[in-house]
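Owing to the predicted nature of the structure, the values given are computational and were not obtained by experimental measurement.
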Amino acid sequence: MERVIVKVRGEQKGFDGDTDSIEMMAEGRHYFRNGKHYIIYDDHLADSKDKVQTMLTITPGMFVLKRSGDVSQEQVFTLDESSYSEYQTPFGSLHLGVHTDRLDVVYGTVTGTIDVDYAMSVNGIVQTQNSLHVEVDVAKGDAGRLN
């Protein structure tokens, strides 16, 4: 298991023209098993001190983002396909859908980038057009384990 730094930048564009963006960076762990890359890190909820464990799973042609903790969610991104999941919070749940318009994965042994463009629907109604950029780099001190 390698120590990694995960950088995430996301942007949501509503149909009303409003744009929201978020950036975060966290230390995590990477491992490779059965042809899949796994990256696990803790993410902080917006306006909260609570952490949510996030696991990224990367395979050829597919990217999965799974959160567990105070919120629970799984988003599956496959080019030109839609997927559906429940976004569960302490206050209730929503039925989310994502339709992946673009999926670019450039991944080596431990490090790489993922770029996704997708439409998100809530309870069956498209709400936003989103983009997500993820960078995974080796944490300092593990430089000898680079690709």
Closest approach of [X] to [Y] (non-hydrogen atoms, all atoms of both residues):
X: Pro90; Y: Asp70; value: CD-O, 3.0 Å
X: Leu65; Y: Thr54; value: CG-CG2, 4.3 Å
X: Tyr118; Y: Val116; value: CD2-CG1, 3.7 Å
X: Gly28; Y: Tyr41; value: CA-CB, 3.9 Å
X: Gly35; Y: Pro60; value: O-CD, 4.4 Å
X: Val52; Y: Ser68; value: CG1-O, 3.3 Å

- [ ] Would you check if the side chain of Gln53 reaches a backbone N or O of Lys51 as a donor-acceptor pair within less than 3.5 Å?
- [x]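 Judged by distance alone, no pair lies under 3.5 Å.
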
- [ ] Report the residues that fulfil salt bridge (Lys or Arg N to Asp or Glu O under 4.0 Å) with Asp101, sequence neighbours left out, ordered by chain and then residue number.
- [x]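 Scan of Asp101 (salt bridge (Lys or Arg N to Asp or Glu O under 4.0 Å), adjacent residues dropped) gives none.
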
- [ ] Apply salt bridge (Lys or Arg N to Asp or Glu O under 4.0 Å) to Glu86 and list each qualifying residue two or more places apart in sequence or on a separate chain.
- [x]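 Scan of Glu86 (salt bridge (Lys or Arg N to Asp or Glu O under 4.0 Å), adjacent residues dropped) gives none.
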
Atom pair [atom1]/[atom2] of [X] and [Y] - distance to nearest 0.5 Å:
X: Tyr107; Y: Thr59; atom1: OH; atom2: OG1; answer: 12.5 Å
X: Met62; Y: Lys36; atom1: CE; atom2: NZ; answer: 8.0 Å
X: Tyr87; Y: Arg67; atom1: OH; atom2: CZ; answer: 6.5 Å
X: Met55; Y: Thr57; atom1: CE; atom2: OG1; answer: 4.5 Å
X: Ile58; Y: His30; atom1: CD1; atom2: NE2; answer: 7.0 Å
X: Leu132; Y: Arg102; atom1: CG; atom2: CZ; answer: 10.0 Å

Open item on the list: For Ile40 and Tyr31: C-alpha separation, side-chain torsions, deciding distance, then whether side chain to side chain contact (heavy atoms under 4.5 Å, CB included) applies.
Closed with: CA-CA 9 Å; Ile40 300 168; Tyr31 64 95; 3.8 Å; yes

Task: Sequence neighbours excluded, every pair satisfying side chain to side chain donor-acceptor pair (under 3.5 Å) that has a member inside residues 6-25 - done: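 Non-adjacent pairs meeting side chain to side chain donor-acceptor pair (under 3.5 Å): zero.
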
TODO: Check whether Met1 and Phe32 end up in the same hydrophobic cluster, where Ile, Leu, Val, Met, Phe, Trp and Tyr are linked by side-chain heavy atoms less than 4.5 Å apart.
DONE: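 Result: no, two separate clusters.
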
Open item on the list: Would a single hydrophobic cluster contain both Ile5 and Ile39, if residues Ile, Leu, Val, Met, Phe, Trp and Tyr are joined by side-chain heavy-atom contacts under 4.5 Å?
Closed with: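 They do not share one cluster, since no chain of ILVMFWY contacts under 4.5 Å joins Ile39 to Ile5.
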
- [ ] Please name all residues satisfying side chain to side chain donor-acceptor pair (under 3.5 Å) with Thr113, sequence neighbours left out, ordered by chain then number.
- [x]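 Scan of Thr113 (side chain to side chain donor-acceptor pair (under 3.5 Å), adjacent residues dropped) gives none.
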
TODO: For Asn130, check side chain to side chain donor-acceptor pair (under 3.5 Å) against everything at least two apart and list the hits.
DONE: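 Only Thr128 meet the side chain to side chain donor-acceptor pair (under 3.5 Å) criterion with Asn130.
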
For residues 71-80, dump all side-chain donor-acceptor pairs below 3.5 Å to protein atoms at least two apart in sequence or in another chain.
none

- [ ] Go through Val126 and Phe15 one step at a time and tell me if the side chain to side chain contact (heavy atoms under 4.5 Å, CB included) criterion holds.
- [x] CA-CA 9 Å; Val126 176; Phe15 292 107; 3.5 Å; yes

Open item on the list: Ignoring hydrogens and geometry beyond distance, is a side-chain donor-acceptor pair present between His95 and Asn123 at under 3.5 Å?
Closed with: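 Note: His95 and Asn123 side chains miss the donor-acceptor criterion.
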
Task: Atom CE of Met25: over 12 foreign heavy atoms under 6.0 Å - done: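 Not more than 12 within 6.0 Å, no.
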
TODO: Assess whether side chain to side chain contact (heavy atoms under 4.5 Å, CB included) is satisfied between Val98 and Leu96, documenting all intermediate values.
DONE: CA-CA 7 Å; Val98 295; Leu96 295 183; 5.8 Å; no

